[in-house]
There are 2 protein chains.
Amino acid sequence: MATINDVCKLAGVSKATVSRVLNNTGQVKKSTADAVYQAINTLGYKPNSLARALATNCTNTLGLVVSAFEGAYFSSLMRKASETSANDGKQLLIMDGGHSPQSEEKAIHSLVERKVDAVILYTRKMPAEKLKTLMESLPVPLIVINQMVEGFEPRCICFDQYQAACNATEFLIAKGHNKIACISGPENSVNSSLRLQGFKDTLAKHHLPLCGIYHGNYYTQSGYHACQALLDSNQPFSALFAANDSMAMGAIRALHEAGINVPEEISVMGFDNDPAGPFLIPSLSSIMLPVDAMAQTAIEQAMRLLKGDKISEVDLFSGSLIVRESVDQLKKPR
Amino acid sequence: MATINDVCKLAGVSKATVSRVLNNTGQVKKSTADAVYQAINTLGYKPNSLARALATNCTNTLGLVVSAFEGAYFSSLMRKASETSANDGKQLLIMDGGHSPQSEEKAIHSLVERKVDAVILYTRKMPAEKLKTLMESLPVPLIVINQMVEGFEPRCICFDQYQAACNATEFLIAKGHNKIACISGPENSVNSSLRLQGFKDTLAKHHLPLCGIYHGNYYTQSGYHACQALLDSNQPFSALFAANDSMAMGAIRALHEAGINVPEEISVMGFDNDPAGPFLIPSLSSIMLPVDAMAQTAIEQAMRLLKGDKISEVDLFSGSLIVRESVDQLKKPR
DNA sequence: TTGTATGCGTTATCAG
DNA sequence: CTGATAACGCATACAA
């Protein structure tokens with residue numbers, strides 16, 4: 001690999017001059033600049049980004065850690081984040097959060113050690129206090145998607161889980177359902193709890209009973225098993241609210257195997273708007289999460305922070321109801 | 001951020017000694033080592049990985065670029081690659097290949113500029129000659145998944161697309177089908193062509209006619225549209241081979257909307273074994289690709305290369321048939 | 001067992 | 001406009 005010194009010699013100038021033309025900082029005579037470019041080309045010289053970073057204390061790199069590489073949701077997140085940061089002249093380095101807060105933290109630290117200029121964290125389970133500690137102690141800005149941290153609101157990009165769950169439930173109720181079961185997410189997840197609370201509160205608001213709440217882990221299989229358990233419990237219900245589309249799919253499969261038609265006998269509502277939704281049979285009603293917008297906003301906030309701008313709190317992102325076949329008007333009570 | 005110098009002062013030793021205890025290279029008296037650790041702890045000192053990399057010319061980092069962040073397939077790939085490299089003491093940095101060979105190449109170069117020790121590329125469309133050039137010119141080893149490069153066989157981790165497609169087709173034929181349509185992948189993709197060729201050759205081997213070949217882009221929607229086009233063409237067929245599960249899902253939806261039952265009237269075969277497959281209605285027959293094993297092997301080959309071991313060509317990975325509901329015995333000719 | 005000096009490839013501060 | 005030269009933070013050969 002050619003270094004700046006090789007360029008110096010070939011161009012017959014000093015390192016300083018080469019550096020100047022490279023970063024067009026300071027005045028350089030046209031002719032010498034040309035000579036430098038000439039040398040750079042013939043040598044195929046590329047500046048060593050490590051050395052540059054060491055000298056400037058800036059790597060032009062953003063780090064993203066996602067709680068786990070799973071599902072279309074994360075794909076969108078990564079893609080959009082990658083694209084947005086590229087537009088801002090920053091490379092995005094992505095690391096696996098490995099499903100646990102511990103490994104998420106490890107990933108963050110290794111990104112920090114690599115001197116990323118900022119890190120974006122999409123977490124599912126890291127507790128707010130831990131996040132707060134990290135935000136206070138990390139030498140670079142930390143932006144978090146999906147979790148609110150008191151005192152650091154501008155660095156939090158959140159979705160209004162509660163309201164979206166309320167809307168989903170209202171939709172079911174508006175369709176005439178009054179016995180609605182639920183397959184919730186993991187119990188130790190803040191967002192999962194918010195979705196569940198929205199569901200419960202909406203039911204309560206309409207003086208409707210809780211009829212069966214089961215917990216899954218967001219995977220299809222867990223939705224399948226939860227639904228089987230629900231069926232086994234013999235609690236009557238005409239609609240089912242699943243905390244994400246994958247679990248909804250699993251539930252629909254379980255209902256199918258039990259000989260129950262969706263939506264004729266039981267309506268199913270999902271969450272997240274998985275791209276597969278429109279093609280399922282029946283197609284899946286869901287709540288659309290603006291992941292792309294959230295990813296973009298996260299990067300933008302990071303960039304503002306880096307530029308030294310004052311950043312202000314961003315509004316909660318809100319979902320929108322996607323009406324498809326899996327939810328139908330209540331026909332006969334079950 | 002505390003530096004090694006701060007540690008020196010606090011521990012009352014020289015940089016060299018600190019460095020020694022840090023990398024346990026050379027002999028250090030227990031007591032002084034303890035003092036160093038002491039200092040490190042109270043300062044919360046973390047070695048600067050950039051400086052270290054600059055000095056050692058090794059970043060302990062592997063780079064992975066995937067052709068696009070899309071689908072469960074890539075999730076598995078990234079997860080396993082991440083895990084494997086972590087086990088080997090290397091951090092995995094992931095970048096988006098942005099769907100085109102041009103941006104894939106850009107991603108590779110930016111990884112190289114960041115001085116990753118090796119790069120793994122999962123590509124869909126980068127031509128073999130381009131890959132060859134890269135392998136020859138890059139200052140670090142390049143391992144490629146999913147494409148064979150002449151003269152660099154040991155660096156290629158490939159799947160036997162052709163044979164797997166043959167097996168899938170044989171399965172359909174064994175079920176009595178003799179009019180089999182196909183929704184293939186993009187025409188400019190090598191692997192897609194291999195799958196299609198396997199399909200065609202197997203048909204030919206059994207003296208069966210080609211009845212309808214349509215091209216999609218691996219997305220669900222394209223499978224949906226391709227199937228509609230196929231239906232519109234009025235060519236009779238009793239089975240459909242889709243080049244991946246997403247397109248198969250789209251096709252099944254299109255058949256459903258046309259009032260055609262799967263598998264009673266038409267059998268559908270997928271490819272890739274998407275995790276959603278078992279839960280679809282009907283559940284989807286498919287070909288399982290050992291992505292995890294391939295990812296792991298890719299990392300392992302990279303590690304061998306880095307250690308200076310001689311590496312030898314790895315066998316083609318082969319798929320296995322996953323039999324589920326979507327393919328049934330031919331009942332009546334259509 | 002420990003310290004000194006030098007180099008890794010850049011940037012940046014001064015002089016000239 | 002250009003060239004020395006000192007950082008940047010760490011590793012390492014060579015002395016002591």
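Numbered from 1 within each chain, the chains take letters A, B, ... in sequence-line order. The structure presented is a predicted model; accordingly, all values stated were derived computationally and were not measured.
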Item to complete: Measure the distance from CG on B/Asn5 to P on D/dA11 and round it to the nearest whole Å.
Response: 12 Å

Worksheet item: Does some side-chain heavy atom of A/Tyr37 sit less than 4.5 Å from a side-chain heavy atom of A/Val21?
Response: yes

Worksheet entry | Between A/Tyr73 and A/Tyr122, ring centroids under 6.0 Å | yes

Worksheet entry | Listed nucleotide nearest any side-chain atom of B/Arg20, set C/dC8, D/dC14, C/dT10 | D/dC14

Discussion item. For a quick check of understanding: with a heavy-atom distance under 4.0 Å over all strands, which category does B/Lys30 fall into, base, sugar-phosphate or nothing?
Written reply: nothing

Worksheet entry | A/Thr123 and A/Glu104: CA distance, side-chain angles, deciding distance, side-chain hydrogen bond (donor to acceptor under 3.5 Å, both in side chains) verdict | CA-CA 8 Å; A/Thr123 183; A/Glu104 281 172 4; 2.7 Å; yes

Worksheet item: Between A/Ser19 and C/dT11, is there a side-chain N or O to OP1/OP2 distance below 4.0 Å?
Response: yes

Worksheet item: Between the axis at one end of the helix from C/dT1-D/dA16 to C/dG16-D/dC1 and the axis at the other (five pairs apiece), what's the angle to 10 degrees?
Response: 40°

Fill in: Candidates D/dA11, D/dG3, C/dG3 - which lies nearest the side chain of A/Ala16
D/dG3

Discussion item. I need the CG-C1' distance between A/Leu54 and D/dA6, as an integer number of Å.
Written reply: 13 Å

Worksheet item: When all nucleic acid strands are considered with a 4.0 Å heavy-atom cut-off, which category describes B/Thr32: base, sugar-phosphate, or nothing?
Response: sugar-phosphate

Item to complete: Answer whether the closest heavy-atom distance between the side chains of B/Arg79 and A/Asp96 falls below 4.5 Å.
Response: yes

Practice prompt. Compare side-chain N and O positions of A/Ser14 against OP1 and OP2 of D/dG3 and report whether any pair is under 4.0 Å apart.
Written response: yes

Fill in: side chain to side chain donor-acceptor pair (under 3.5 Å) partner of B/Arg114, the single match among A/Thr61, A/Asn60, A/Asn48
A/Thr61

Item to complete: Take atom CG of B/Leu50 and atom C1' of C/dT10, then tell me their distance rounded to the nearest Å.
Response: 12 Å

Worksheet item: Between C/dT1, D/dA4, D/dT12, which nucleotide has the shortest distance from any of its atoms to the side chain of B/Gln27?
Response: C/dT1

Discussion item. Please report the distance, rounded to the nearest Å, between CG in B/Asp34 and P in C/dT2.
Written reply: 11 Å

Discussion item. How many whole angstroms separate atom CG of B/Asn48 from atom P of C/dC8?
Written reply: 18 Å

Worksheet entry | By salt bridge (Lys or Arg N to Asp or Glu O under 4.0 Å) - contacts of B/Lys90 (at least two apart) | B/Asp117

Worksheet item: Starting at the 5' end of DNA chain C, which residue's closest nucleotide do you reach first, A/Leu22 or B/Ala51?
Response: B/Ala51

Response to the item:
Against the side chain of B/Lys15, the closest entry in D/dA11, C/dG9, C/dT2 is D/dA11

Worksheet item: Whole-Å distance between C/dC8 P and B/Lys115 NZ?
Response: 13 Å

Discussion item. Which nucleotide wins on minimum distance to the side chain of A/Ile4, given the candidates D/dA11, D/dG3, C/dT11?
Written reply: C/dT11

Fill in: A/Lys29, nearest nucleotide to its side chain (from D/dG3, C/dT10, D/dT2)
D/dT2

Fill in: A/Glu129 and A/Lys132 ion-paired at < 4.0 Å
no

Worksheet item: Which nucleotide sits closest to the side chain of A/Val13: D/dG3, D/dC10, D/dA13?
Response: D/dG3

Worksheet item: Rounded to the nearest Å, what distance is computed from the CZ atom of residue B/Arg52 to the C1' atom of nucleotide D/dC10?
Response: 8 Å

Worksheet item: Which nucleotide in the list D/dA13, D/dA11, C/dT10 gets nearest to the side chain of B/Thr56?
Response: D/dA11

Fill in: Whole-Å distance separating the CG atom of B/Asn23 from the P atom of D/dC10
11 Å

Practice prompt. Describe the nucleic acid contact of B/Asn57 in one word from base, sugar-phosphate, nothing, applying a heavy-atom distance below 4.0 Å.
Written response: nothing

Discussion item. Please check if the number of heavy atoms outside B/Gln38 that lie under 6.0 Å from its CD is greater than 12.
Written reply: no

